[in-house]
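Remarks on the structure that follows.
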Amino acid sequence: MAVWQPREDGLSEICALLEQQISPSSAAVDKSQIWKQLEHFSQIPDFNNYLVFILVRAQGKSVEIRQAAGLLLKNNLKGGYSSMAQENRKYIKSELLPCLGAVDRHIRTTVGTIISEIVNIDGVSGWLELLPALVTCLDSNDLNHMDGAMDALSKICEDIPHVLDSEVPGLAETTPINIFLPRLFQFFQSPHASLRKLSLGCVNQYVIIMPAALYNSMDKYLQGLFVLANDPVAEVRKLVCAAFVQLTEVLPSSIEPHLRNVMEYMLQVNKYPDEEVALEACEFWSAYCDAQLPPDNLKELLPRLIPVLLSNMAYADDDESLLDAEEDESQPDRDQDLKPRFHTSRLHGSEYFDDDDDDSFNVWNLRKCSAAAIDVLSNVFGDEILPALMPLIQAKISTSGDETWKEREAAVLTLGAIAEGCFNGLYPHLSEIVAFLLPLLDDKFPLIRSISCWTLSRFGKYLIQETGNPKGYEQFEKVLMGLLRRLLDTNKRVQEAACSAFATVEEDAAEELVPHLGVILQHLMCAFGKYQRRNLRIVYDAIGTLADSVREELNKPAYLEILMPPLVAKWQQLSNSDKDLFPLLECFTSISQALGVGFAPFAQPVFQRCMDIIQLQQLAKVDPASAGAQYDREFIVCSLDLLSGLAEGLGSGIESLISQSNLRDVLLKCCMDETSDVRQSAFALMGDLARVFPAYLQPRLLEFLEIASQQLNANLSRENLSVANNACWAIGELAVKVRQEVSPIVTNVVSSLGLILQHGEAVNKSLVENSAITLGRLAWIRPDLVAPHMEHFMKPWCLALSMVRDDIEKEEAFRGLCAVVKVNPSGGVSSLVFICKAIASWHEIRNEDVKNEVSQVLNGYKHMLGNSWAECWSALEPPVKERLSRYQVFTELDEQKALLTHN
């Protein structure tokens with residue numbers, strides 16, 4: 001069969017286009033025309049053959065044009081490989097392999113990129129010629145061939161490492177990694193730095209997945225690392241450090257025999273002049289502590305390690321924060337200055353969910369890594385690190401003069417980093433530390449002012465403990481006023497630090513803020529008036545946190561006059577599709593919950609706006625053109641959460657707002673949304689409406705219940721957990737209001753909740769507790785439907801109820817427990833010990849009815865079991881017996897003992 005050949009005219013036309021495309025002189029308009037032209041060519045079946053031909057064989061063309069052809073080919077394969085004709089695929093592959101050893105490095109690396117893309121789509125077994133070709137190049141001793149093959153291999157290892165650890169039919173060595181690993185280890189000793197770097201980089205990719213091949217040759221790997229440890233090339237050393245850090249995280253036992261040597265090495269490299277290498281070494285200390293390796297080894301090293309970490313905490317001369325810090329407040333923020341935001345959807349019972357602060361926007365560097373290491377060390381060793389640390393901090397702090405400001409700043413950062421871990425040792429000196437930090441809030445260097453705000457906020461909760469004594473209270477007031485003063489700094493960086501620090505102090509101080517509310521609001525609203533967009537978001541957060549902290553104390557006319565007009569003005573100024581609405585919606589959510597009925601004067605326009613936003617987004621989802629906006633589900637999530645805040649704040653007062661609206665239909669649609677965070681917020685609102693105005697949901701009640709119950713048997717991955725949690729809670733809230741009308745879904749929901757409770761350890765605490773409460777509420781309403789199944793879930797249900805705190809929800813759940821036991825007493829016998837423990841988990845049952853029902857259950861079992869009751873009683877721990885004694889269910893033996901001790 002004839003081999004494919006390009007047509008000359010086609011070839012020159014494509015080359016001309018590529019030349020225009022990469023030419024810096026082409027205007028943007030030309031570029032888009034060229035793209036259109038290339039797009040048009042992509043429809044031609046053998047267009048990709050031309051591209052590979054230009055990359056591999058167009059010797060007369062510039063390297064740039066050939067590379068451009070290669071990158072275009074890679075992008076075309078990404079989307080179109082599967083629809084390509086078999087002979088064209090074959091042609092492309094056959095052209096690429098001989099080019100692995102191309103003389104020009106740029107061509108080789110482009111070939112490697114395309115090879116990795118094809119393997120990603122087709123796997124190794126879809127290209128049987130590839131492995132032998134790579135092996136031939138690696139074994140060739142020709143630098144170009146070795147480098148080309150290593151480059152392709154490193155891209156495969158980086159993008160799709162598991163491909164080489166999977167069995168390939170017809171391969172003598174079961175997996176490709178078995179073929180390559182010994183060769184990679186050999187390259188550790190290559191005289192060529194590029195090969196040492198690529199081979200080590202390849203092996204490092206496998207530490208996380210730890211294939212058998214690597215696990216079995218761990219000694220060889222470690223020997224190789226020790227050989228490369230003092231490599232003259234910084235990039236190789238960086239990879240050696242990365243390897244030791246990963247091994248510490250993934251398989252600490254592998255480095256334990258060599259621990260002293262590795263630690264000494266990391267300490268030395270931590271001082272390496274190349275910051276990237278030092279950063280990689282610095283990651284080791286936190287990894288060491290997390291891996292719970294013997295702390296004594298590290299303890300011996302502290303006197304030498306701490307000075308290194310401390311000196312690395314000073315700003316590097318090229319740190320971008322130094323440039324940032326020069327910006328004053330008058331410079332408007334550019335779009336790229338705005339961090340991506342992450343709204344956390346509303347969650348019922350959210351104290352158990354991790355809320356990771358997203359720092360992905362901040363650049364990780366040696367300074368931050370060293371501060372994190374000091375923080376971790378202070379948490380592991382506590383006050384034991386102070387003797388090595390305090391003299392250094394004091395020495396740096398006492399330097400004066402402009403040229404040493406970075407030393408002083410690093411010392412303040414260190415104090416903040418150890419505030420929690422070394423709390424006991426620092427507490428006696430708290431007033432001296434604060435007295436020292438306060439004047440730094442007015443330092444001439446903005447970065448000293450900003451770090452002092454952060455460090456003071458780290459000591460906030462300890463200061464608040466001292467507010468009982470006059471001196472402590474005076475200091476707390478000084479810190480409060482100092483941070484408020486800095487909110488109005490002219491430097492953006494200081495504004496940001498002060499505002500974040502103030503929000504932290506608000507959370508810790510709560511009601512201690514009440515006497516200062518007027519002055520706090522004046523400062524916050526003054527900042528609100530002067531900040532640029534980026535810092536404005538942090539002010540919203542501080543206002544929301546203030547509302548969460550002082551709650552109804554905010555509901556005073558004088559405070560509302562300061563707070564609301566500027567917020568309402570901003571609210572009216574932003575369009576329904578402006579992303580600057582997000583933080584404002586969140587802020588209003590906190591305010592509406594705090595003010596309660598005091599929010600009523602502002603409620604109508606806020607409610608209407610939320611409805612408009614949700615409906616605009618629901619339209620944008622199907623027809624962006626007629627909506628005049630791009631769909632962004634975060635608008636829906638924030639608006640639903642604000643409506644929940646209104647329901648919680650206004651209570652039954654929400655009736656006048658919603659009774660004439662189409663919220664019911666809009667909400668039902670949100671409950672069926674395909675994205676989990678929209679559903680999560682929708683079910684939170686469903687539950688809040690069920691609590692305050694259940695009649696509103698009545699016309700579509702069964703649809704709401706059906707959709708909510710479907711969430712409980714979905715696969716409970718992390719994002720679905722939160723949806724299930726809110727849906728479960730909403731069903732329970734609705735059930736206690738509409739009573740018998742939930743009957744159609746009871747059996748289904750109970751079987752789902754039973755499964756959740758049985759797998760309690762695999763789901764999170766909040767969902768387990770909500771499941772136990774909702775199950776109890778359904779059992780209370782329809783014990784006849786729940787009782788026949790009780791044996792399946794009785795034990796985990798009782799265990800979960802034991803964890804629930806005393807409140808009305810727990811009372812309702814216990815009414816259900818007692819009701820099913822009455823209907824089916826024998827179904828509870830095998831779990832009787834657990835029923836007793838659940839009852840004993842109450843500190844005090846305040847509701848007399850519930851107390852009587854519980855007493856009847858216990859005495860009923862005692863009566864029913866006769867002599868066997870003593871056996872159950874003896875299985876209980878003394879504290880449980882003690883708690884149950886108030887129900888007069890002693891065994892005869894216990895009564896005799898009690899009488900004897902009494903006499």
Side-chain angles (χ1 to χ4, degrees), residues 348-349 352 708-709 711-713 716 721 724-725 727-733 735-736 742 745-843 845 847 850 853-858 860-861 872 875-877 880 883-884 887:
H348 182 78
Y352 305 120
S709 61
Q711 311 303 312
L712 303 178
N713 44 27
L716 293 180
L721 271 181
N725 184 65
C728 172
W729 170 73
I731 291 170
E733 288 297 333
V736 291
V742 296
I745 58 131
V746 169
T747 311
N748 255 342
V749 169
V750 166
S751 88
S752 299
L753 296 179
L755 284 170
I756 290 173
L757 290 170
Q758 281 161 12
H759 300 109
E761 65 288 344
V763 290
N764 69 335
K765 191 176 171 194
S766 190
L767 178 55
V768 169
E769 291 192 7
N770 275 326
S771 299
I773 291 164
T774 296
L775 181 55
R777 286 166 152 179
L778 295 175
W780 176 30
I781 294 157
R782 290 299 308 264
D784 54 322
L785 295 179
V786 178
H789 311 283
M790 63 195 265
E791 281 178 65
H792 298 302
F793 53 72
M794 204 66 185
K795 177 179 160 183
W797 185 27
C798 289
L799 283 171
L801 285 175
S802 309
M803 313 306 286
V804 177
R805 59 173 176 263
D806 293 11
D807 61 11
I808 176 106
E809 293 183 340
K810 185 164 176 165
E811 282 177 8
E812 290 167 353
F814 267 81
R815 286 177 187 269
L817 181 72
C818 297
V820 290
V821 166
K822 278 184 190 158
V823 173
N824 178 12
S826 57
V829 172
S830 60
S831 309
L832 187 52
V833 168
F834 296 95
I835 295 176
C836 289
K837 286 181 179 175
I839 292 171
S841 72
W842 280 93
H843 296 286
I845 302 180
N847 184 304
V850 178
E853 286 175 32
V854 165
S855 179
Q856 283 170 22
V857 163
L858 285 172
Y861 272 124
C872 167
L876 300 173
E877 294 90 6
V880 175
R883 284 262 172 95
L884 295 180
Y887 303 104

Quick one: do Val804 and Glu809 satisfy side-chain contact (heavy atoms from CB on, under 4.5 Å)? Show the steps, please. CA-CA 9 Å; Val804 177; Glu809 293 183 340; 5.7 Å; no
Mind running side-chain contact (heavy atoms from CB on, under 4.5 Å) on Val821 and Met794 for me, showing each step along the way? CA-CA 10 Å; Val821 166; Met794 204 66 185; 4.0 Å; yes
Determine, stepwise, if the pair Glu877 / Arg883 fulfils side-chain contact (heavy atoms from CB on, under 4.5 Å). CA-CA 10 Å; Glu877 294 90 6; Arg883 284 262 172 95; over 6 Å; no
Would Glu811 and Asp806 count as a side-chain contact (heavy atoms from CB on, under 4.5 Å) here? Give the steps. CA-CA 8 Å; Glu811 282 177 8; Asp806 293 11; over 6 Å; no
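Here the SG-CZ distance, from Cys798 to Phe793, works out to 9.5 Å after rounding to the nearest 0.5 Å. Note that CG of Leu721 and CG of Leu767 are 6.0 Å apart. Values are rounded to the nearest 0.5 Å. Gln711 CD to Asn725 CG: the interatomic distance, rounded to the nearest 0.5 Å, is 12.0 Å.
The shortest side-chain heavy-atom distance between Leu884 and Val880 falls under the 4.5 Å cut-off. A 4.5 Å side-chain heavy-atom check between Arg805 and His843 finds every atom pair outside the cut-off. With a 4.5 Å cut-off on side-chain heavy atoms, Thr774 and Leu778 count as touching. You'll find the side chain of Trp797 reaches within 4.5 Å of the side chain of Leu801, heavy atoms only.
Nearest heavy-atom pair across Ala813 and Ala772 is CB-O, 4.2 Å. Closest approach of Tyr887 and Leu858 over heavy atoms only: CD1-CD1, 3.6 Å. Here the closest heavy-atom approach between residue Gly828 and residue Met790 is recorded as N-CE, 3.6 Å. Taking every heavy atom of both residues into account, Ala708 and Ala727 meet most closely at O-CB, 3.6 Å. The two residues Ala735 and Ile781 have their closest heavy-atom pair at O-CD1, 3.1 Å.
Residues passing the side chain to side chain contact (heavy atoms under 4.5 Å, CB included) test with Val823, sequence neighbours excluded: Pro783, Ala787. Residues forming a side chain to side chain contact (heavy atoms under 4.5 Å, CB included) with Ser751 (at least two apart in sequence, or on another chain): none. Partners of Val736 by side chain to side chain contact (heavy atoms under 4.5 Å, CB included), not counting sequence neighbours, listed by chain and number: Arg777, Trp780, Glu812.
Within the structure, the salt bridge (Lys or Arg N to Asp or Glu O under 4.0 Å) test picks out no pair touching residues 816-826 (sequence neighbours left out).
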Distance-only criterion, 3.5 Å: show the donor-acceptor pairs between side-chain atoms of residues 752-760 and protein atoms not counting sequence neighbours.
| from | atom 1 | to | atom 2 | distance (Å) |
| --- | --- | --- | --- | --- |
| Ser752 | OG | Asn748 | O | 3.3 |
| Gln758 | NE2 | His792 | O | 2.6 |
| His759 | ND1 | Leu755 | O | 2.9 |

Side chains of residues 830-842: which donor-acceptor partners sit under 3.5 Å, not counting sequence neighbours?
| from | atom 1 | to | atom 2 | distance (Å) |
| --- | --- | --- | --- | --- |
| Ser841 | OG | Lys810 | NZ | 2.9 |
| Ser841 | OG | Ala838 | O | 2.6 |

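In this structure, Tyr861 contributes its side chain and Gln856 its backbone to no donor-acceptor pair below 3.5 Å.
Applying side chain to side chain contact (heavy atoms under 4.5 Å, CB included) to Ile731 and the options Val742, Asn770, Leu712, Leu775 leaves one that passes, Leu712.
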